[in-house]
Amino acid sequence: LKQLIDLKHPELIRILKGKNTIAKIKLSKKSYDNCDPFEEEEVNKILETIKSTSKYNKNWYRDYVITSLCAQLGLRISECLSIKKERIDSKKRILIIPAELCKTKTEQNVYLHDKVYNLLIDYIKKTEQKFKQGYLFYSRTKRNKREIYHLNREHFVKIFRDYLKLAELDEIKKTDL
């Protein structure tokens, strides 16, 4: 805000400085100049790339669902990966994200439109017996293929970066994921 005011309204900044209001504004520690959201065409290209790996990637559908939820609902990766079956209200068609998972520290109710709801329900039906600790998204360890664990953010970011390379979008600096 302080940077915006400095650039756009020099008269306003002169008035506010006199009241010492501007001194109370804390600047962001991180610059978000290069953090543009993905364009619709880029999201579609990423989703098509994920689908194209279905012949050799057994987790393609999981990755497709995660990417779709993040893109279509505006969820953060950590919020998406923390979804549990009991947090989906099928009657109201909402996803409940608890306060401790949200950056704002307030519980959020996210409306699930038909396309996303159907995708989520289909994924649940296909993978229900594999849920560990109630989380929808899981992975297996390399050492023991039978051992299932909750998919974490760092692991999914690595997977997502690989999809960006396949989609030839790896040079794009969108977010720090």
Side-chain angles (χ1 to χ4, degrees), residues 1 3-4 7-8 27-85 87-90 92-98 101-128 130-131 135-140 149-177:
L1 182 62
Q3 291 171 340
L4 182 66
L7 294 174
K8 303 287 182 187
L27 294 176
S28 174
K29 292 180 182 178
K30 185 174 181 178
S31 173
Y32 290 97
D33 294 340
N34 294 331
C35 291
D36 297 324
F38 287 101
E39 300 291 330
E40 186 177 352
E41 301 84 37
E42 294 168 335
V43 171
N44 290 336
K45 188 172 183 180
I46 294 165
L47 291 172
E48 286 303 315
T49 300
I50 294 171
K51 276 185 185 178
S52 73
T53 66
S54 65
K55 292 178 183 169
Y56 60 88
N57 178 2
K58 63 183 178 193
N59 292 320
W60 77 271
Y61 193 58
R62 174 203 67 192
D63 301 340
Y64 183 86
V65 172
I66 293 168
T67 304
S68 294
L69 290 173
C70 289
Q72 294 184 26
L73 299 177
L75 297 178
R76 292 179 177 89
I77 294 171
S78 57
E79 292 170 346
C80 186
L81 296 177
S82 298
I83 295 174
K84 292 186 175 185
K85 187 178 174 185
R87 293 185 187 140
I88 300 169
D89 186 335
S90 295
K92 294 179 183 177
R93 286 196 175 198
I94 59 171
L95 171 63
I96 302 163
I97 302 175
L101 297 177
C102 297
K103 203 171 194 177
T104 59
K105 301 297 181 207
T106 57
E107 182 177 279
Q108 294 181 20
N109 294 332
V110 180
Y111 174 72
L112 301 171
H113 58 80
D114 290 342
K115 185 177 177 182
V116 171
Y117 178 78
N118 292 335
L119 183 67
L120 201 51
I121 295 303
D122 183 55
Y123 177 79
I124 289 170
K125 286 178 184 174
K126 288 181 179 180
T127 60
E128 192 162 18
K130 298 176 185 175
F131 295 154
Y135 293 105
L136 297 188
F137 304 110
Y138 60 91
S139 191
R140 297 183 185 278
Y149 68 93
H150 170 233
L151 183 63
N152 64 35
R153 182 184 182 282
E154 291 76 23
H155 187 170
F156 186 75
V157 167
K158 182 182 177 295
I159 292 167
F160 189 75
R161 289 190 192 282
D162 290 341
Y163 287 126
L164 288 179
K165 286 179 187 173
L166 284 173
E168 299 176 352
L169 296 172
D170 58 322
E171 295 300 318
I172 297 174
K173 304 215 185 223
K174 291 293 177 182
T175 64
D176 74 10
L177 296 175

message = To the closest 0.5 Å, what do you measure between NZ (K45) and CG (L166)?
response = 11.0 Å
inquiry  = Determine whether a donor-acceptor pair (N or O, by modelled atom type, separation under 3.5 Å) exists between the side chain of N152 and the backbone of H155.
reply    = yes
request  = Measure across A71 and V43 and return the closest heavy-atom pair with its distance rounded to 0.1 Å.
outcome  = CB-CG1, 3.8 Å
query = Going through the checks in order, is the side chain to side chain contact (heavy atoms under 4.5 Å, CB included) test met by L151 and R62?
reply = CA-CA 10 Å; L151 183 63; R62 174 203 67 192; 3.9 Å; yes
key: Test item: R87 side-chain N/O and I97 main-chain N/O as donor-acceptor pair under 3.5 Å   = no
key: Residues D63, N57; criterion side chain to side chain contact (heavy atoms under 4.5 Å, CB included); working and verdict   = CA-CA 10 Å; D63 301 340; N57 178 2; 3.9 Å; yes
message = Quick one, T53 with Y64, criterion side chain to side chain contact (heavy atoms under 4.5 Å, CB included). Give me CA distance, side-chain angles, the key distance, then yes/no.
response = CA-CA 10 Å; T53 66; Y64 183 86; over 6 Å; no
query = So do the side chains of V116 and Y111 get within less than 4.5 Å of each other, counting heavy atoms only?
reply = no
message = I need the I159 CD1 to L164 CG distance, nearest 0.5 Å.
response = 12.5 Å
inquiry  = Taking NZ in K115 as the centre, count heavy atoms belonging to other residues, nucleotides or ligands within less than 6.0 Å. Is the count above 12?
reply    = no
task = For residues Q108 and T104, report the shortest heavy-atom separation together with the two atoms involved.
result = NE2-OG1, 3.6 Å
ask   = Mind checking whether Y135 and H150 have parallel, tilted or perpendicular rings, split at 30° and 60°?
value = parallel
T67 side chain reached by F156 side chain, heavy atoms, under 4.5 Å = yes
request  = Mind checking the CZ-CD1 spacing from R93 to I121? Nearest 0.5 Å is all I need.
outcome  = 8.0 Å
request  = Could you pull out all residues at least two apart from S54 that satisfy side-chain contact (heavy atoms from CB on, under 4.5 Å)?
outcome  = W60
request  = Using a 4.5 Å cut-off on heavy atoms from C-beta on, say whether the side chain of L136 contacts that of I88.
outcome  = yes
key: OG on S68 to CD1 on I50, rounded to 0.5 Å   = 7.0 Å
task = Given side chain to side chain contact (heavy atoms under 4.5 Å, CB included), test L95 with L69 step by step and report yes or no.
result = CA-CA 11 Å; L95 171 63; L69 290 173; 5.9 Å; no
L101 backbone acceptor or donor facing R76 side chain under 3.5 Å = no
request  = Supply the atom-to-atom distance L75 CG to I66 CD1, rounded to the nearest 0.5 angstrom.
outcome  = 11.0 Å
key: Sidechain-backbone polar pair: D122 side chain, N118 backbone, donor-acceptor under 3.5 Å   = no
ask   = What is the distance from atom CG of L169 to atom CZ of R161, rounded to the nearest 0.5 Å?
value = 13.0 Å
